[in-house]
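Sequence positions, counted from 1, serve as the residue numbers for this chain.
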Amino acid sequence: MVMETMSHSSTFLLPTIPPSVDPRPPLSYALIVLNQRLPKFAPLLWEHAKLRLCADGGANRLYDDFPLFFPHQCPSEVRNRYKPDVIKGDMDSVRGDVLDFYKNMGTKILNKSEDQDTTDLHKCVTYIKDSTLDQEKSNLCILVAGALGGRFDHEMGNINVLYRFSTIRIVLLSDDCLIHLLPRTHQHEIHIQSSVEGPHCGLIPIGMPSGMTTTSGLEWDLNDTEMRFGGLVSTSNLVKQDKITVQSDSDLLWTISLKKK
């Protein structure tokens, strides 16, 4: 059976997203800001996004850190310019003064403190999913700023969200790298944006081993290769071509380094 091909590109890291040669509609971006150090390109992600959410204490990061990206501008002007559409979570981290500031600006506040079985990221992804028309979900891409670094259990919780919402494109981002899921239901073409990412990359099976994975475009390609924890895992690989192809019998995480500027 021939699998449908899923195309991936980090054009959201470019100042202007170039027109796609893909006949399908362009991706529509949403942004979630988490309570972790934000990448230097967070304002760029903000500009590309049509819907912007803060996950609980992510509102503190937006309030405190965004003015630091614009050192020659008045902090209050920056805060007024970058207003989230929604703050959602169990509200155990966001400061009261920050919550009041954005509430007075018209931000929707959704307190889900009664739900302690899902993370704040999960809650925000659910909001975006429920706010998106079914016919538009295939073109949705959720960018998550501040998703990596800090506590390891938080990172693993964020990765678990990729698996919980495997039919939605979700990209976890930090200053150093990005991570997204390659579902086993598709073949994958990853179009490398060499001006902003690479060359270090990895393919990682989490949750279950991969019995067979085949790639092209890497320094050390896989050819029906088995990968599992306790055995071979394709970390510290290198991209060698502008297009990487991946096909696997299990879900894989794709990760690639981001370039410092």
Side-chain angles (χ1 to χ4, degrees), residues 7-20 22 24-70 73 77-89 94 98 101-102 105-110 119-148 158 161-162 165 167-175 177-181 191 193 196-197 258 261:
S7 181
H8 309 267
S9 178
S10 301
T11 51
F12 52 80
L13 293 174
L14 302 176
T16 302
I17 298 177
S20 175
D22 195 314
R24 288 168 290 194
L27 294 179
S28 178
Y29 294 103
L31 173 65
I32 300 174
V33 177
L34 299 188
N35 189 15
Q36 190 53 251
R37 186 170 68 90
L38 299 181
K40 59 186 178 299
F41 48 80
L44 178 64
L45 304 180
W46 186 281
E47 297 303 326
H48 289 325
K50 295 182 178 179
L51 180 63
R52 299 133 179 161
L53 288 80
C54 290
D56 195 353
N60 299 339
R61 296 286 178 167
L62 179 65
Y63 185 91
D64 294 337
D65 295 356
F66 258 57
L68 302 179
F69 295 128
F70 306 94
Q73 298 182 29
E77 292 179 0
V78 174
R79 293 185 181 114
N80 289 332
R81 189 163 71 243
Y82 292 96
K83 179 190 76 69
D85 299 297
V86 177
I87 299 173
K88 185 176 181 180
V94 63
V98 172
F101 177 82
Y102 290 120
M105 290 183 66
T107 295
K108 182 184 294 187
I109 310 298
L110 298 175
T119 66
D120 291 328
L121 174 58
H122 187 288
K123 293 176 175 66
C124 287
V125 172
T126 299
Y127 178 89
I128 296 171
K129 179 174 178 285
D130 293 344
S131 301
T132 305
L133 297 174
D134 287 341
Q135 61 266 32
E136 297 176 357
K137 283 186 171 69
S138 61
N139 303 319
L140 172 66
C141 181
I142 301 174
L143 309 174
V144 186
L148 305 169
N158 295 338
V161 168
L162 301 184
F165 296 92
T167 60
I168 298 177
R169 295 174 186 261
I170 304 174
V171 185
L172 307 181
L173 292 143
S174 73
D175 264 327
C177 68
L178 64 79
I179 298 174
H180 61 78
L181 189 69
H191 299 272
Q193 302 299 317
V196 293
E197 63 182 349
L258 300 181
K261 287 190 176 181

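Under the 4.5 Å side-chain criterion, counting only non-hydrogen atoms from C-beta, Asp120 is not in contact with Leu34. Proximity of Tyr127 to Asp85: side-chain heavy atoms (C-beta onward) are nowhere separated by under 4.5 Å. Side-chain contact check for Asn80 versus Phe101: some heavy-atom pair is nearer than 4.5 Å. Taking 4.5 Å as the limit, some side-chain heavy atom of Val33 sits within range of a side-chain heavy atom of Leu38. Annotation: side chain of Asn158 is not in contact with side chain of Ile179 (no heavy-atom distance under 4.5 Å). Between Phe12 and Val171, the closest side-chain pair of non-hydrogen atoms falls below 4.5 Å. Contact check for Ile170 versus Val125: side-chain heavy atoms found under the 4.5 Å cut-off.
The distance from the CZ atom of Phe41 to the CG atom of Asp175 is 6.0 Å, given to the nearest 0.5 Å. Between Thr132 atom OG1 and Ile142 atom CD1 the span is 7.0 Å, to the nearest 0.5 Å. A distance of 13.5 Å separates CD1 of Ile128 from NZ of Lys50, quoted to the nearest 0.5 Å. In this structure, SG on Cys177 lies 5.0 Å from CG on Leu148, to the nearest 0.5 angstrom. To the nearest 0.5 angstrom, Lys88 atom NZ is 5.5 Å from Thr126 atom OG1. Within the model, atoms NZ of Lys83 and OG1 of Thr107 stand 4.0 Å from one another, a figure rounded to the nearest 0.5 Å.
The aromatic ring centroids of Phe70 and Tyr82 lie less than 6.0 Å from each other.
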Between Ile17 and Tyr29, does a side chain to side chain contact (heavy atoms under 4.5 Å, CB included) hold up when you go through it step by step? CA-CA 11 Å; Ile17 298 177; Tyr29 294 103; 3.5 Å; yes
Run Gln193 and Ser9 through side chain to side chain donor-acceptor pair (under 3.5 Å) and show every step you take. CA-CA 7 Å; Gln193 302 299 317; Ser9 178; 2.9 Å; yes
Run the side chain to side chain contact (heavy atoms under 4.5 Å, CB included) test on Val94 and Asn60 for me, step by step, so that the C-alpha distance in whole Å, both residues' side-chain angles and the decisive distance to 0.1 Å come before the verdict. CA-CA 6 Å; Val94 63; Asn60 299 339; 3.7 Å; yes
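Looking at every heavy atom in both residues, Leu27 comes nearest to Arg169 through CD2-NE, 3.8 Å. Considering all non-hydrogen atoms of both residues, Cys124 and Ile32 come closest at CB-CD1, 3.7 Å. Summarising the geometry of Glu197 relative to Ser10, their closest heavy-atom pair is OE1-OG, 3.0 Å, with the distance given to 0.1 Å. Nearest heavy-atom pair, Leu172 versus Ala147, reported as atom, atom and distance to 0.1 Å: CB-CB, 3.7 Å. The heavy-atom pair separating Ala30 from Leu140 by the smallest distance is CB-CD1, 4.4 Å. Between Pro84 and Leu62, the closest heavy-atom pair is CD-CD2, 3.5 Å.
A salt bridge is absent between Asp56 and Lys123; no separation between the charged side-chain nitrogens and carboxylate oxygens falls under 4.0 Å.
Both cation-pi conditions hold for Arg79 and Tyr63: the charged atom is under 6.0 angstrom from the six-membered ring centre and inside a 45 degree cone around its axis.
Note: His8 and His180 have parallel aromatic rings, judged against thresholds of 30 and 60 degrees for the angle between ring planes.
In this structure, His122 contributes its side chain and Phe165 its backbone to no donor-acceptor pair below 3.5 Å. Side-chain N or O atoms of Lys137 include none that pairs as donor or acceptor with a backbone N or O of Ile168 at under 3.5 Å.
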